[in-house]
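We number each residue from 1, following the sequence as shown. Side chains are part of it too, since the values below use all heavy atoms of this structure and drop only hydrogens, waters and symmetry mates.
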Amino acid sequence: MAATTGVRLVVELRASGTAALSVGEMVGIPLPETTVIGIATELSGQGTPATCIVNLLGEIRDDGRHGPTLIRGAAQLPRLGQAVLALTREELASLFSLPGATGMRIGDLHQNAAIGAYARIDDLITKHFAVLGSTGAGKSSGISVLVGAILDAKPDLRVFFIDPHNEYGSCFHPRADVLRPANLRLPFWLFSFEEFVDVLFRGRPGVDEEIDILAELIPAAKAAFAASRASHDRSALKRMDAKAAGIGPDTPIPYRLADLVALIEERRGKLENRALVFNYTRLLNRIETVRLDTRYAFMFDNANVGGDTMVDVIGEIFKYPGRGKTVTVMQLAGFPSEVVDSVVSVLCRMAFEIGLWSDGALPMLLVCEEAHRYAPADRGLGFGPTRKALSRIAKEGRKYGIYLGLVTQRPAELDPTILSQCSTVFAMRLMNDRDQAILRAAVSEAAGGLLGFLPSLGTREAFGFGEGMPLPMRIRFSELPAARIPRSEATGLDHAAGAAIDRTYIAGMVERWRGGGVRPLGLDEGPTAPIGERPTAPLMPAQERPPVLDDGVLAPGARPWYPSIRSGSR
């Protein structure tokens, strides 16, 4: 060893054993009572002899009871002139293995594929983790490996996937249910006030006058529903003081859209100022437009059938009880783009509330793909309640058993406060300098020297840092069987290649389009059948549809059809 700065060593490569040293390999410096461990981060052959930069990571001590134990940080520092040795295969295996139930195998070491790479399962889950990497780096496969290993170790843990590209539908069969707009039941009254306003205004800024009307009358509609249930008399709109009853716009109790509309119409009928009347009329039109849009059927269809169904909805979405299912994959590709943020906000907020009000008795891991879309670094972008829900899980979720796994290809565009809460990071191939800079700020100085290799990482390769890893290490995630490899269901390329594309096929596509159908044509449900035994309602009974000729055009005299709104279903 030629020089030291306390964290970094400059090592002269003289002996034949160290002359073959390569970047990323572990080395050891034997001391009287311990062995200091470091990792080679830079090689230079310009001088004589050649030199290597080694970043110190920790030390191995033998306490006489448990054998050699890895300790982060080095209490003793090597002196000039001490020997630096490449670790043997046996030393590497003991260094990175985790005994018993504390560790789970997630792949292999890059420098020796015969040695398994392990993660500390409890630290990985309970302290949140993030998987970062450019498109094509293998993030989805890495997440599938991690979650699969977590489920094997903790089969009762609930896992909720936010899946914007419909990739994970078949990855966790038979433990998973897949939710889509066609089989999701998420009643509108479960939306918070901000979330419901965002739905009504289609993701655009709301009109203050209309928002004020809703803020006043939604609690009244909730009070009316509570009063009618208490008296079992629904023939008239009951009067109850919402404030006296402690009911606000965000109180998670049901109300009927018909009651809200009746209150708005009643208030409008008492006005004489045309300008004020217009605000009420415009608000009524917004409500009716959304209610009649079949793409929003998951919110409004049968929303009040069965009364207060909050317990059933939570059970269906989050699998309490699961009846053998512990994973929910929420596929977002088929939802209207203007409502996706609100849906994600509702689900993340409900996940946190479940942990909060159960006192942590219902642990859950929420995995959020494309996290930068829902919690962007720029506060002027995105939907505030979604960012708030994710931020709350990141900051407080571990206290209540709600854990977070973030996946993103652009860490520089993700809210840094949320990313900083992830104590374990798997960094895959990253080409962008800004993304690398964000990651460099998030890891220790000793491990930061590894980040220069991020652009050259292969597919499924990653550097693992943080509390969930024994030491910073370069790993290759385990290879998955074909059935568990994430693949997007939204592309439909395989199906299109073998399908007879004619006018009949296009007519069927248009039929689904107009009806809000979101499943790609010809996809088999296979292992991702709808939750429970609830069948998906048809777009329109076959006998009600107009006749279509063989070439896909309407028969003479037939009128174009649109999916009808069933009376009383909203």
Side-chain angles (χ1 to χ4, degrees), residues 160-166 178-207 210-211 214 218 249-250 252 254-255 257 260 282-304 313 316-318 328-351 366 368-376 381-390 489-490 512-520 530-531 536-537 539 562-563 565 569-570:
F160 189 89
F161 268 90
I162 296 175
D163 182 10
H165 302 302
N166 295 9
V178 178
L179 297 182
R180 308 179 178 94
N183 69 338
L184 173 65
R185 178 171 56 157
L186 190 64
F188 66 90
W189 46 263
L190 275 175
F191 285 58
S192 71
F193 182 71
E194 284 185 277
E195 293 158 355
F196 186 64
V197 166
D198 190 66
V199 171
L200 288 184
F201 288 88
R202 308 295 183 99
R204 298 186 296 271
V207 178
E210 297 177 44
I211 292 175
L214 289 171
I218 285 179
D250 290 327
Y255 65 98
L257 208 59
L260 176 62
R282 186 169 53 185
L283 177 58
L284 288 170
N285 289 337
R286 292 188 197 280
I287 295 174
E288 186 69 3
T289 298
V290 173
R291 185 183 72 85
L292 295 178
D293 192 332
T294 55
R295 300 178 303 160
Y296 294 81
F298 68 93
M299 290 178 57
F300 297 103
D301 270 6
N302 302 317
N304 296 114
V313 170
E316 290 175 352
I317 293 177
F318 297 104
T328 302
V329 180
M330 183 73 250
Q331 293 189 339
L332 299 176
F335 284 88
S337 59
E338 60 268 23
V339 80
V340 166
D341 284 342
S342 297
V343 170
V344 173
S345 178
V346 174
L347 296 171
C348 292
R349 178 175 52 79
M350 289 178 64
L366 188 145
C368 183
E369 266 276 8
E370 299 285 354
H372 61 278
R373 293 173 51 177
Y374 310 111
L381 302 176
F383 182 46
T386 312
R387 179 203 307 276
K388 181 180 178 181
L390 281 173
E489 297 178 11
R512 292 167 181 260
W513 185 352
R514 288 173 172 168
V518 296
R519 288 179 39 71
I531 57 177
T536 301
L539 296 178
Y562 295 86
I565 303 300
S569 65
R570 304 271 185 182

Keeping the roles fixed (side chain from Asp301, backbone from Phe298), state whether a donor-acceptor pair exists under 3.5 Å. no
> If only atom types and distance count, is the side chain of Asp250 paired as donor or acceptor with the main-chain N or O of Phe193 below 3.5 Å?
Replying inline: yes
Do Thr386 and Asp341 have side-chain atoms, one donor and one acceptor, less than 3.5 Å apart? no
* Do Ser192 and Val346 have side chains that get closer than 4.5 Å, going by heavy atoms? -> no
For the residue pair Leu184 and Phe335, establish whether any side-chain heavy-atom pair is separated by less than 4.5 Å.
yes
So does Val178 get a backbone contact from the side chain of Asn183, meaning a donor-acceptor N/O pair under 3.5 Å? yes
**Prompt:** How about Leu332 and Ile162: do any of their side-chain heavy atoms sit closer than 4.5 Å?
**Reply:** yes
Main chain of Leu381, side chain of Arg387: is a donor-acceptor contact present, judged purely on distance under 3.5 Å? yes
Notebook entry, point to check: Should Leu179 and Gln331 count as side-chain neighbours, where that means a heavy-atom distance under 4.5 Å?
Noted result: no
Sorted by chain and residue number, the ring pair (Phe, Tyr, Trp, His ring centres under 6.0 Å) partners of Phe160 (sequence neighbours excluded) come out as Phe318
One should read off an interatomic distance between Phe383 CZ and Ser345 OG, to the nearest 0.5 angstrom, of 5.5 Å
Salt-bridge contact Glu194-Lys388 (side-chain N to carboxylate O under 4.0 Å) = no
Value for CZ (Phe188) from CZ (Phe300), rounded to nearest 0.5 Å, stands at 6.5 Å
Interatomic distance, CZ@Arg295 vs OG@Ser337, rounded to 0.5 Å, equals 7.5 Å
Which side-chain N or O atoms in residues 282-290 pair as donor and acceptor under 3.5 Å with protein atoms at least two apart or in another chain?
| residue | atom | partner | partner atom | Å |
| --- | --- | --- | --- | --- |
| Arg282 | NE | Glu210 | OE2 | 2.5 |
| Arg282 | NH2 | Glu210 | OE2 | 3.2 |
| Arg282 | NH2 | Asn279 | OD1 | 3.2 |
| Asn285 | ND2 | Thr281 | O | 3.3 |
| Arg286 | NE | Glu210 | OE1 | 2.7 |
| Arg286 | NH2 | Glu210 | OE2 | 3.4 |
| Glu288 | OE1 | Arg291 | NE | 3.2 |
| Glu288 | OE1 | Arg291 | NH2 | 3.3 |
| Glu288 | OE2 | Arg291 | NH2 | 2.8 |
| Thr289 | OG1 | Asn285 | O | 2.8 |

**Report entry** Close side-chain approach of Met330 and Arg180, heavy atoms under 4.5 Å
**Finding:** no
Asn304 side chain to Tyr255 main-chain N or O, any donor-acceptor pair under 3.5 Å? yes
The reported gap from CG in Leu214 to CG in Leu260 (rounded to nearest 0.5 angstrom) is 6.5 Å
Contact check, side chains of Pro164 and Arg373, non-hydrogen atoms, under 4.5 Å = yes
- Task: Please tell me if the side chains of Ile218 and Trp189 come closer than 4.5 Å, counting only heavy atoms from C-beta onward.
- Result: no
Note to self: Counting C-beta onward and ignoring hydrogens, is there a side-chain heavy-atom pair between Met350 and Cys348 closer than 4.5 Å?
What the structure shows: no
Pair Arg349 + Glu195: basic N to acidic O under 4.0 Å
yes
